[in-house]
Amino acid sequence: MLIYSQPLELTKLLAAIDNFLQGNLTPGWTVLVKGILVGILILAAYTLIALSLIYIERKVAAFFQARLGPNRLGKYGVIQSLADMIKILIKEVIQINKADKLLFYAAPFFVIVASVLAFGALPFGMNLHALDFNIGVFYLLAVSSLGIIGILLAGWSSNNKYSMIGAMRSGAQFISYELSAGFSLMTIVVLSGSMQFSEIIEGQRYCWNLFNGHLPAMIAFLIYLISGHAETNRGPFDLPEAESELTAGYHTEYSGLQFGFFYLSEYLNMFIVAAVAATVFLGGWMPVQIKGWEAFNQVMWYIPSWAWFFGKAGLLMFFSLWVRWSFPRLRIDLLLNLEWKYLLPINLANLLVMVVIVLSGFTLTDLFPALFGK
Amino acid sequence: MKFIQYIGGIFTALRSLAGGMIVTWKELLTPKVTMEYPENRKTLVISDRWRSELIMPHDENNEHACTACGICMINCPNGTIQVTSSSIDTEDGKKKKILDKHLWDYGSCTFCNLCVITCPSDAIIFNNDFEGAVFDKSKLLHRLNHEGSKLRDRKKEASTLDTSAKKENKEA
Ligand code: SF4
Ligand code: SF4
């Protein structure tokens, strides 16, 4: 395999920092400093992505509704969400008299920590991967499910019937759709034979999993997108926050920064779902390459891997916004109907089909090794 | 049979969902009609029928058509207009009322147009200048007749531009 030139890749910069640290510090300190640096970077990226997502969402939503959206603060209103953040930061955190104090204050942290943990495990680009677990997919599913504890706690400790109903709905919805999301990711794990993100991405060098597994992979992709929407409580599955029935659902009683945590994590969870879908189905940060077309591949590699990653995730997020502003909200029984009577059985059958296809060698890489093989 | 219905239902649902998404996609791409106000001041079009601010048109000789009859003041449902007048003696020895002040309160006007309709001399009209916000309440009290203005001679009146504009306005 040829080595392509990758001018915009951050690999060299990272290596330089690494060398610098190792040259000047003892190994223990190097690890510590690196850990802190990575932590700061992840938190900074977390906030930045969430803020820009809030802006993008408002803008796209406006355009779907024949409006212009925020357009006053900065050119086209780009610093609107920054101003909103400052506003939220300086707002008072209101004490609720009869709330369960400890749980009430702990709840937003559960939500935000769960999403930061999941966010930290994403492969953002070549070598831009904080931790490459050999059970990456499993880890991601596990930590992203932690958030629901925060939501249930928030609903329970608020001592408010709207919050409680919202939290219960959210719990029912999350637990149901977590099954579907898990199974559809398992379908791809079967296809790529690994749970490690780096290996899953490497396996998609010449053919995305979406096409490699053709029919079952596409069904899994659809199901993952649907259940990802439902897990992040976004329309048309936003009944936990149905404002016409529940004021604001589980975060009714929260104000100021605590509300900000819920808000940020909602947007970040949307990004995480899009990023996982992009990594697992659409090749992650791997540029589009065609076997044998060296010149074309070189051109593709000029675009840095992190741009590919954010581009693919961005497309999926746009899709998610599109869906959100197209469909009306589901009723709770229809919502559970969709999961238990449709998605889950289809998913189970789909997993079986995928196993058969992989074992009998009907994936595209097996059928046309000259075109797509590694 | 049930199973066929089940599968058929999925495809019907997918088709109708896709239909909905096509509709919203078209909406995304349609040009937006929102007007961004302070930036579009130059191109802003306000309907002629829009009533913003009561004015008394004066011609180039600083003459208006108000005879100080006070009909507008009587007809105003809100007591928004105050007409004060004084009487003078003309050269041919007759007494004549002349306008001192025609005061109109922007703050209590309901823009009902009664004053304009009932004015026998067509001396007042509403203009289109809608940017009337001020920081001080006292600035809302407008004096409509200009300083040193006087009543226009009746004979010349037909030819002045202001009244013909006024007539058009009324017809509209
Ligand atoms: S428009 Fe109506 S309320 Fe306003 S000054 Fe004329 S008569 Fe009075
Ligand atoms: S504006 Fe018209 S109605 Fe009012 S006092 Fe003057 S002439 Fe009379």
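Below, each value reflects all heavy atoms present in this structure, side chains not excepted, and no hydrogens, waters or symmetry copies. Quick note on labels: first sequence line is chain A, next is B, and so on, each numbered from 1.
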Does [X], at its [atom1] atom, have more than 12 non-hydrogen atoms belonging to other residues, nucleotides or ligands within less than 6.0 Å?
{"X": "B:Lys150", "atom1": "NZ", "answer": "no"}
{"X": "B:Met73", "atom1": "CE", "answer": "yes"}
{"X": "A:Met218", "atom1": "CE", "answer": "yes"}
{"X": "B:Phe111", "atom1": "CZ", "answer": "yes"}
{"X": "A:Trp340", "atom1": "CH2", "answer": "yes"}

Practice item. Please look at A:Phe327 and chain B and tell me whether the side chain, the backbone, both or neither of the residue comes under 4.5 angstrom of a heavy atom of that chain. Key: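 Only the side chain of A:Phe327 comes within 4.5 Å of chain B.
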Practice item. Against chain B, label A:Pro345 side chain, backbone, both or neither, depending on which of its atoms sit under 4.5 Å from a heavy atom there. Key: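 For A:Pro345, the contact with chain B is made by the side chain alone.
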Check your understanding: Is a side-chain donor or acceptor of A:Trp322 paired with a backbone partner of B:Met21 at a separation under 3.5 angstrom?
Key ->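 Side chain of A:Trp322 to backbone of B:Met21, a donor-acceptor pair under 3.5 Å: yes, one is there.
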Point to revise | Interface moiety of B:Leu29 toward chain A, non-hydrogen atoms closer than 4.5 Å | key: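 B:Leu29 has no heavy atom closer than 4.5 Å to chain A.
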Exercise for review: Answer whether the closest heavy-atom distance between the side chains of A:Trp325 and B:Thr24 falls below 4.5 Å.
Suggested key: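 No, every pair of side-chain atoms sits at 4.5 Å or beyond.
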Review point. Which distance, rounded to the nearest 0.5 Å, do you find between the CD of B:Glu36 and the CG of A:Leu68?
Key: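 One gets 5.0 Å once the value is rounded to the nearest 0.5 Å.
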Practice item. Enter the distance from A:Asn71:CG to B:Glu39:CD here, rounded to the nearest 0.5 Å. Key: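 That separation rounds to 7.5 Å.
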Review point. What pairs with A:Lys87 under side chain to side chain contact (heavy atoms under 4.5 Å, CB included), at least two apart in sequence or on another chain?
Key: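 Only A:Lys91 meet the side chain to side chain contact (heavy atoms under 4.5 Å, CB included) criterion with A:Lys87.
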Check your understanding: Can you check side chain to side chain contact (heavy atoms under 4.5 Å, CB included) on B:Ile10 and A:Ile346, steps first, answer last?
Key -> CA-CA 11 Å; B:Ile10 294 173; A:Ile346 293 174; 3.5 Å; yes
